[in-house]
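Notes for the one structure printed next.
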Amino acid sequence: MQEKEFPPCVAMPRRRELLQWLAAGAATGLPVWSEAAAGPVTLVVPFSAGGQFDTIGRAVALAMGAAMGKTVIVENIGGAGGTIAASKVVRAKPDGQTLLLYGGNLATAGDMYKSLDYDPLNDLQPVSRLSIAPHVIMASPRSGITTFAQLQTKLKNGAKLSYGSPGMGTSMHLTFELIKQQLGLDVLHVPYKGGANVMTDLIAGNIDLGIIAIGPALNFIQNKKVVPLGVTSKERSKVVPGIAALSELGVTGLDTGSWAGLSVPKATPEAVVGQLNQAALQALQSASVKQLFAEQGFIATPSTPAQMKDYAVQEAKAFGPVIRNLQI
């Protein structure tokens with residue numbers, strides 16, 4: 001069977017590249033912020049409060065505010081896979097006062113939502129990637145499945161199984177579909193409105209398998225409420241090193257997860273983007289953000305704006321055909 005293309009692992013920026021970018025931003029001088037509108041900066045989070053994205057956004061907002069000497073307010077705008085929030089930022093004044101917490105859901109939104117009147121890839125200016133959290137595939141204890149190899153054997157022997165994801169078109173759904181295509185697996189997809197709903201039905205045995213980001217799943221894994229089968233990152237997670245990466249289990253080229261970054265309106269001046277990038281990189285080095293990431297299984301992914309754009313474009317290329325094939 002022909003292998004399917006997975007989202008490529010975009011290399012972390014070399015130290016020299018980051019230093020060059022920081023030096024370029026520093027050369028503009030701190031007075032850049034005097035050109036921006038007065039008042040607090042707003043970070044628009046495209047999901048409701050309390051979720052993984054919101055947790056990242058609030059931690060980074062606080063740390064960036066300290067780095068910039070400005071208040072950063074988080075505004076939650078949910079709905080339509082993040083495209084309503086993105087629409088607001090696309091149309092905001094390009095002065096560095098309005099930021100968007102951007103992720104893979106928006107990188108693929110152009111294929112998901114045909115009626116959009118803006119381009120989520122090209123009408124927003126990337127600032128920096130922030131984090132990625134690998135997904136984890138789990139089995140219900142009631143399924144009798146304890147290993148990924150056992151799952152494959154059951155399916156090849158004709159077992160009819162189902163898996164839950166946090167929703168149609170989410171990175172978790174698309175990742176599982178890529179795995180199905182590569183390995184020739186037949187598993188029924190059951191979409192939910194969020195990861196919490198997936199876990200409830202997985203524990204109850206209403207579905208056989210589930211896939212969500214590793215952070216929200218940690219407590220259930222540690223308390224043996226579910227059976228972890230593998231993580232979707234290229235290497236094992238430092239938070240749960242006992243769970244194998246699927247790359248060890250016969251799935252080739254897989255290195256994906258729920259990722260977050262920052263974007264601003266397209267016409268934002270380069271000097272302002274540089275200042276925001278520096279503040280984001282400083283935020284990722286703060287003790288509070290490092291502690292949160294360590295506890296929740298997030299991996300820090302500092303980058304230049306160009307590297308974030310490249311990552312988003314490559315993810316859209318990898319997942320776009322899956323979205324079209326599924327006719328989502």
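Small disclaimer: the values here were computed from a predicted structure and weren't measured. Atoms considered below: every heavy atom in the structure, side chains included; atoms not considered: hydrogens, waters and symmetry mates.
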Backbone N/O of [Y] and side chain of [X]: donor-acceptor pair under 3.5 Å:
X      : Y      : value
Asp54  : Ser48  : no
Tyr118 : Arg91  : no
Asp208 : Ser162 : yes
Glu315 : Tyr311 : no
Asn157 : Thr153 : yes
Arg236 : Pro241 : yes
Asn223 : Asn219 : yes
Ser286 : Gln282 : no
Ser303 : Arg129 : yes
Ser140 : Leu202 : yes

If the condition is salt bridge (Lys or Arg N to Asp or Glu O under 4.0 Å), which residues does Asp123 pass it with, not counting sequence neighbours?
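Result, salt bridge (Lys or Arg N to Asp or Glu O under 4.0 Å) vs Asp123: none returned.
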List the residues meeting salt bridge (Lys or Arg N to Asp or Glu O under 4.0 Å) with Glu75, not counting sequence neighbours, and say none if there are none.
Lys88
Check: His135/Ser171 side-chain N/O donor and acceptor closer than 3.5 Å:
yes
Answer yes or no: does atom CG of Asp186 have more than 12 heavy-atom neighbours from other residues, nucleotides or ligands under 6.0 Å?
no
Arg324 with Asp111: basic N within carboxylate O range, under 4.0 Å
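Looking at Asp111 together with Arg324, the answer is yes, because their closest N to O distance falls below 4.0 Å.
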Only one of Val127, Leu281, Leu262 passes side chain to side chain contact (heavy atoms under 4.5 Å, CB included) with Leu276, and that residue is Val127
Listed partners of Tyr163 passing ring-ring contact (aromatic ring centres under 6.0 Å, His included), at least two apart:
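Here the qualifying residues are Phe176, His189.
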